[in-house]
2 protein chains.
Amino acid sequence: MADTHQNLGLLCFYPHRAMEARVLAGLAAAGFDDLTPAQGRIAARVGPDGTRLTDLAAQALVTKQTAGHLVDQLERTGYVRRVPDPTDARARLVRLAERGEAALAVARRVEVAVEAEWTAHLGEEDAARLRAILTRLREVTDPWR
Amino acid sequence: MADTHQNLGLLCFYPHRAMEARVLAGLAAAGFDDLTPAQGRIAARVGPDGTRLTDLAAQALVTKQTAGHLVDQLERTGYVRRVPDPTDARARLVRLAERGEAALAVARRVEVAVEAEWTAHLGEEDAARLRAILTRLREVTDPWR
DNA sequence: CCTTGACGGTCAGACGATCTGACGAGATGG
DNA sequence: CCATCTCGTCAGATCGTCTGACCGTCAAGG
C-alpha cells in the first residue's frame with residue numbers, strides 16, 4: 001500500500017470516508033446519535049421541497065425497498081416526514097422535519113470546518129483546483145446529472 | 001442537488017463509486033462473478049508477500065471479525081489462502097491464490113482503462129494535478145500513513 | 001370511456017456485512 | 001515464569017441490502 005501511484009478511485013475514497021466519519025461524529029456529539037451512515041446518506045439527499053422515494057433511491061444507488069426501509073427509520077426517529085405529493089396520488093414526498101433541519105445545520109457546520117482543515121493543508125489554490133477538477137470529473141462519474 | 005458548491009467529501013464519492021462499480025463489473029465479465037464489494041475491498045489490500053488479518057482489518061476500517069469472515073469466503077472461492085506466519089505462530093498470513101492473482105490482473109487493467117477515460121475528459125495536466133493533490137490530501141485523511 | 005402498460009410504493013423473505021463481547025493460544029518483557 | 005499484550009476465532013445480534021411479488025395510480029390509444 002506504499003505505492004506512490006495509487007489508483008484514482010482509491011485516492012478519492014480516503015477524503016470521502018474521512019468526511020463522512022467526521023460529519024457523523026459531529027452529529028453524534030450534538031445529540032443526533034441515532035443516525036446510521038446509511039440513514040445519513042439518504043437524509044442528505046432530501047431536497048428543500050421534498051423528494052420522492054424513488055428519486056432518493058436512484059441518487060443513493062440503492063433499491064427503492066432499501067430507501068423505503070431507511071426512510072421508515074428516519075421517520076420513526078423524527079428526522080423526516082412523508083407527505084402526499086399534490087401532483088401525483090401514487091407518490092409521497094419525503095421532507096425534512098424540524099429535527100432533520102437541525103441535524104442538517106450541524107452537518108453543514110462540520111463540513112465547512114473539515115473543508116477548512118483540508119484547505120489549510122493543501123493551500124487555497126490547490127483546494128480550489130481540487131474542487132474544480134472534481135466537479136468536472138463528476139460529469140463522467142455521476143449518472144445523476 | 002444542483003448546487004454548484006458541493007461538499008468536497010461528496011465530490012470525492014462519485015469517482016470512487018464509479019471506479020469500484022467499473023472494476024467489479026469488469027471482474028464479473030471476466031468470470032469473477034462471485035466477488036462482493038466487501039470481499040473486493042479486503043482482497044485489494046492483500047500485499048504481494050501476504051498480509052495479516054489484523055492489518056487487513058485495520059486498513060479496510062472494519063473489525064477483525066468482519067475481515068475474518070470475508071477472508072473465509074475468499075478462501076472458499078479460491079481467491080486467497082491462509083498460510084502460517086513463519087515469524088509468529090499465532091498469526092497467519094493471507095496471500096493471493098492463483099485465482100486471486102488472475103482477478104487482480106483484470107482489476108488492474110480495468111483501473112488503467114477507467115483512468116484513461118478520466119484523463120481524456122480532464123486533460124493530462126489536470127489529471128496529474130488531481131492525483132498530486134489527492135495524494136497530499138491523503139496525508140490528513142488516511143489514518144494509515 | 002376502458003384497456004393496457006408504465007410507474008410509485010409497500011410487503012415478505014432472505015442473505016450479506018458489520019458490530020460487541022468473550023475466549024484460547026502464542027508472544028514478550030520484566 | 002508470570003502478567004500482559006497480541007492474533008485470531010466463536011457466538012450472537014443488528015443493520016443494510018437485495019429479489020420477487022403485489023396493489024394502487026397515472027397516462028396514452030383505441
Side-chain angles (χ1 to χ4, degrees), chain A residues 13 17 20-21 24-25 27-28 32-47 49-77 79-95, chain B residues 13 17 20-21 24-25 27-28 32-47 49-77 79-95:
Chain A
F13 173 58
R17 176 177 72 183
E20 190 170 86
L24 234 41
L27 285 168
F32 304 106
D33 56 350
D34 52 354
L35 268 174
T36 67
Q39 288 170 22
R41 282 191 284 268
I42 291 290
R45 290 175 161 84
V46 175
D49 301 321
T51 307
R52 291 193 185 177
L53 184 65
T54 305
D55 293 341
L56 287 179
Q59 290 175 43
L61 280 198
V62 299
T63 60
K64 47 188 182 168
Q65 290 87 336
T66 299
H69 182 55
L70 293 169
V71 169
D72 283 347
Q73 303 172 251
L74 286 169
E75 198 169 26
R76 220 175 303 125
T77 46
Y79 288 99
V80 304
R81 279 192 308 269
R82 276 188 246 234
V83 301
D85 183 335
T87 74
D88 188 333
R90 293 171 301 177
R92 299 158 76 188
L93 293 174
V94 178
R95 306 192 60 134
Chain B
F13 174 58
R17 177 177 72 183
E20 191 171 85
L24 234 41
L27 284 168
F32 304 107
D33 56 351
D34 52 354
L35 269 174
T36 67
Q39 288 170 23
R41 283 190 283 268
I42 291 291
R45 290 176 162 83
V46 174
D49 300 322
T51 307
R52 290 194 186 174
L53 184 65
T54 305
D55 293 341
L56 287 179
Q59 290 176 42
L61 280 199
V62 299
T63 60
K64 47 189 181 166
Q65 289 87 336
T66 298
H69 183 56
L70 293 169
V71 169
D72 284 347
Q73 303 172 250
L74 287 169
E75 198 169 26
R76 222 175 301 127
T77 45
Y79 288 100
V80 305
R81 279 192 309 270
R82 276 189 245 233
V83 301
D85 184 336
T87 74
D88 189 333
R90 293 170 303 179
R92 299 159 75 189
L93 293 175
V94 178
R95 306 192 59 134

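Letters A, B, ... are given to chains in the order of the sequence lines, protein chains preceding strands, and every chain is numbered from 1.
Residue-level contact check: A/T66 touches the bases, meaning some heavy atom is under 4.0 Å from a base atom.
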Nucleotide by nucleotide, nucleotides 21-26 of chain D touches protein heavy atoms under 4.0 Å in the pattern (B base, S sugar-phosphate only, - none) ---BBS
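By the salt bridge (charged side-chain N to carboxylate O under 4.0 Å, His left out) test, A/R41 is found to be paired with A/E20, residues two or more places apart in sequence or in another chain being considered. Residues satisfying the side-chain hydrogen bond (donor to acceptor under 3.5 Å, both in side chains) test with A/R52, not counting sequence neighbours, are A/D85. Partners of A/R90 according to the salt bridge (charged side-chain N to carboxylate O under 4.0 Å, His left out) rule, which considers only residues two or more places apart in sequence or in another chain, are A/D88. The salt bridge (charged side-chain N to carboxylate O under 4.0 Å, His left out) search around A/R81 returns A/E98, not counting sequence neighbours.
Between the CD atom of A/Q73 and the C1' atom of D/dT17 there is a distance of 12 Å, rounded to whole Å. In this structure, the CG atom of B/D85 is 15 Å from the C1' atom of C/dA25, given to the nearest Å. The interatomic distance linking A/Q59 (CD) with C/dG8 (P) rounds to 13 Å, in whole Å. Nucleotide D/dT17 holds its C1' atom 14 Å from the CD atom of A/Q39, rounded to whole Å. To the nearest angstrom, P of D/dT17 lies 8 Å from CD1 of A/I42. Between A/L61 atom CG and D/dC18 atom C1' the separation is 14 Å, expressed in whole Å. One atom, NE2 of B/H69, and another, P of D/dC15, lie 17 Å apart when rounded to the nearest Å. A/L74 has its CG atom 10 Å from the P atom of D/dG16, to the nearest Å.
When every heavy atom of B/P86 is checked against every heavy atom of B/L93, the shortest pair comes out as CD-CD1, 4.4 Å.
For D/dT9, the OP1/OP2 oxygens have a side-chain nitrogen or oxygen of B/R92 closer than 4.0 Å. Of the side-chain N and O atoms in A/T54, one or more sit less than 4.0 angstrom from OP1 or OP2 of C/dG9. In terms of phosphate contacts, A/T63 brings a side-chain nitrogen or oxygen within less than 4.0 Å of OP1 or OP2 of D/dC18.
Nucleotides of DNA chain D nearest to A/A38 and B/A91 differ in position, and the one nearer the 5' end is that of B/A91.
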Under 3.5 Å, which donor-acceptor pairs link side chains of residues 62-72 of chain A to any protein atom two or more places apart or in another chain?
residue	atom	partner	partner atom	Å
A/T63	OG1	A/T66	N	3.3
A/T63	OG1	A/T66	OG1	3.1
A/D72	OD1	A/R82	NH2	2.1

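Counting only heavy atoms from C-beta outward, the side chains of A/L74 and A/L35 approach each other to under 4.5 Å.
Comparing D/dC18, D/dG16, C/dA17 by their nearest atom to the side chain of A/V62 picks out D/dC18. The side chain of B/L53 approaches D/dG8 more closely than any other nucleotide in the set D/dT17, D/dG8, C/dA17.
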